[in-house]
Amino acid sequence: MINPFRLVGHGVLGTCETVGEIVLFAVQAIARGVRGPYYWRPLLQQMIDIGFYSLPVVGLTAIFTGMVLALQSYTGFSRFEAQSAVATIVVVSITRELGPVLAGLMVAGRVGAAMAAELGTMRVTEQIDALSTLSTDPMRYLVFPRLLAATLMMPVLVLIADIIGVMGGFIVGVAKLGFGPQDYINRTFDFLETGDVVAGLVKAAVFGFIVAMMGCFQGYNSGRGAQGVGTATTRAVVSASIMILTADYIVTELFFAK
Amino acid sequence: MSEAKIRIRGLSKAFGPKKVLQNLDLDVPDGQSVVVIGGSGTGKSVLLKCILGLLQPDSGSIRVDGQEVVGAGRREMEEIRRRFGMLFQGGALFDSLPVWENVAFGLLATRRLDRSAAHAKAVETLGRVGLPAATADLFPAELSGGMQKRVGLARAIAGEPDIIFFDEPTTGLDPIMADVINDLIRDLTREIGATALSITHDMASVRKIADRVAMLYDGRIIWEGPVAEIDASGNDYVNQFINGHADGPISFGQEQAARRA
Ligand SMILES: Nc1ncnc2c1ncn2[C@@H]1O[C@H](COP(=O)(O)OP(=O)(O)OP(=O)(O)O)[C@@H](O)[C@H]1O
Ligand SMILES: [Mg+2]
């Protein structure tokens, strides 16, 4: 007979164990990484990969989100004769919420998956073991540069996404909804607060860290064979996505309280 | 007699229910070349990884130069590993780096050489394993399996380590290149005085590179002795293995051994 308590207990314990492992992993990577030696080449490579090569996908996501947002908020707000709020709605939604979250999810799919696959392959082909035998700590050489690069580059990426997203709203607002270009721009900036942008960038840094941490953790602890790497990749993307949405609420709440 | 360079006592390692090593004892004397033979899946690679601290043994003691490896801290382990060079069975080359950086990786990591000196050293080491200088700037994926093996070998010896592990150094090489590698391993141990622990299935290689031979079966070393005595070991398992007979005490590979365990 299946004992439901046992099943639930198992699940809870398993989850706690994994969470503990992830936290320990991150703490170790940071504690060892900051002490050096530092590896600039992998860091630079990761920064370019995350910051530059993610631009197309994040930019596309942002522009369409801005466009849709303008259309939808116009439809909604015109019902109370409040169409003039469209520009403000677009910029606030994008900077505070949609820019970081959508970029985070996109980067989880692109960068997090790639990290898990790369580190997983390195684990399976014993390259991680080989690093250890060559006087190189894989935590410092592989994990720390990825964590750092993602945490630093995500805010940059999101800032660009914010600008592109607002441009999307601007295009629809001017071309389709009949706003004057100068008018739309003024309305965009009139009610925008520094805090909106800052909150979004803080989120971006947190999400970047989450993506890299999950990618590295799953890849580093990948199971054996191609199947192990596949599982690691899937887990990295799914767990990072869930954690991004959870962290999104927590960070929002923190900034909201102020 | 002083203690062996590597001294293993009562080493056990299991993966889940599968007991791979059980109470294994082995000595690798200083400056000698010991070869471990044994069937596929008997735990030869696991043995090497335990010594390097890449796998954590369940119990037992491994001493390198009298220093305990089992349960050693991370920093202590890093220090011990500096004395080792390792050729991995699958090569384990870094596929994101060109061949020369693979070979010179340990030298660059310890900042012993700058990049141009490391490049020169890599080319020189590649020459020792019979690879032309032109391979230095290729990527591992552009090489044949045998060439990758030799790059792995070059990487293992580039740092001129004290103790070198070779996990199947000649598998996948043509007979002539295999002989070149065998000579190289012998030179390394005889001339430089390095201690070598190798794994191989290739009896020609055993006879050429080994000072001593140890046979791993069922998680233990069941026979150990000088290479000259291997044909007169009086051990049925050893005889079956070196003659490559399908029938004998070792039957159905390791399945039976695993079940008995
Ligand atoms: N990390 C691991 N996790 C689980 N099982 C493992 C692991 N490493 C090795 N094993 C198992 O341990 C056993 C011994 O493996 P090992 O690689 O040492 O064999 P081997 O003697 O080197 O064989 P071969 O000659 O084929 O290389 C195998 O059954 C293998 O499946
Ligand atoms: Mg093996």
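Small disclaimer: the values here were computed from a predicted structure and weren't measured. Lettering of chains follows the sequences in order, A, B, ..., and the numbering in each one begins at 1.
- Rounded to the nearest 0.5 angstrom, A:Glu126 CD and B:Gln89 CD are separated by 7.5 Å.
- In this structure, the portion of A:Arg41 lying under 4.5 Å from any heavy atom of chain B is its side chain and not its backbone.
- With a 4.5 Å cut-off on non-hydrogen atoms, B:Leu93 touches chain A through its backbone but not through its side chain.
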Under the criterion side-chain contact (heavy atoms from CB on, under 4.5 Å), I'd like the reasoning laid out for A:Asp129 against B:Met86: C-alpha separation, chi angles, the key distance, then a yes or no.
CA-CA 10 Å; A:Asp129 286 339; B:Met86 163 94 182; over 6 Å; no

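- Rounding to the nearest 0.5 angstrom, the gap separating the CZ atom in B:Arg74 from the CD atom in A:Gln28 is 7.0 Å.
- The closest side-chain heavy-atom distance from A:Thr125 to B:Phe88 is not below 4.5 Å.
- Looking at B:Arg83, there are no atoms closer than 4.5 Å to chain A (heavy atoms on both sides), in backbone or side chain.
- Counting heavy-atom pairs closer than 4.5 Å to chain A, the top-ranked of the candidates B:Leu108, B:Thr110, B:Asp95 is B:Asp95.
- Contacts of A:Ser135 with chain B are made by both backbone and side-chain atoms, with heavy-atom separations under 4.5 Å.
- Annotation for A:Arg32: atom CZ counts as buried by contact number, over 12 foreign heavy atoms lying within 6.0 Å.
- Residues A:Ala130 and B:Ala92 share a closest heavy-atom pair of CB-O, 3.8 Å.
- Rounded to the nearest 0.5 angstrom, B:Lys49 NZ and A:Thr133 OG1 are separated by 11.0 Å.
- Applying the 6.0 Å contact sphere to CZ of A:Phe64 captures no more than 12 heavy atoms from other residues, nucleotides or ligands.
- Proximity of the aromatic rings of B:Phe94 and A:Tyr141 is defined here by a centroid distance below 6.0 angstrom, and this criterion is not met.
- Taking a 6.0 Å sphere around CE of B:Met147, one finds it holds more than 12 heavy atoms contributed by other residues, nucleotides or ligands.
- Around CZ of A:Arg235, the count of heavy atoms belonging to other residues, nucleotides or ligands within 6.0 Å does not exceed 12.
- Looking at A:Leu131, both its backbone and its side chain come within 4.5 Å of chain B, counting heavy atoms on both sides.
- Within 6.0 Å of CD in A:Gln45 there are 12 or fewer heavy atoms belonging to other residues, nucleotides or ligands.
- Closest of all the heavy-atom pairs between B:Arg155 and A:Leu134 is CD-CD1, 3.5 Å.
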Please test A:Ser132 against B:Leu54 for side-chain contact (heavy atoms from CB on, under 4.5 Å), starting from the C-alpha separation and ending with a verdict.
CA-CA 8 Å; A:Ser132 302; B:Leu54 299 172; 3.8 Å; yes

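- For A:Gln227, the CD atom is loosely surrounded, since the number of other residues' heavy atoms within 6.0 Å does not exceed 12.
- Using a 4.5 Å cut-off between heavy atoms, B:Leu97 touches chain A through its side chain atoms alone.
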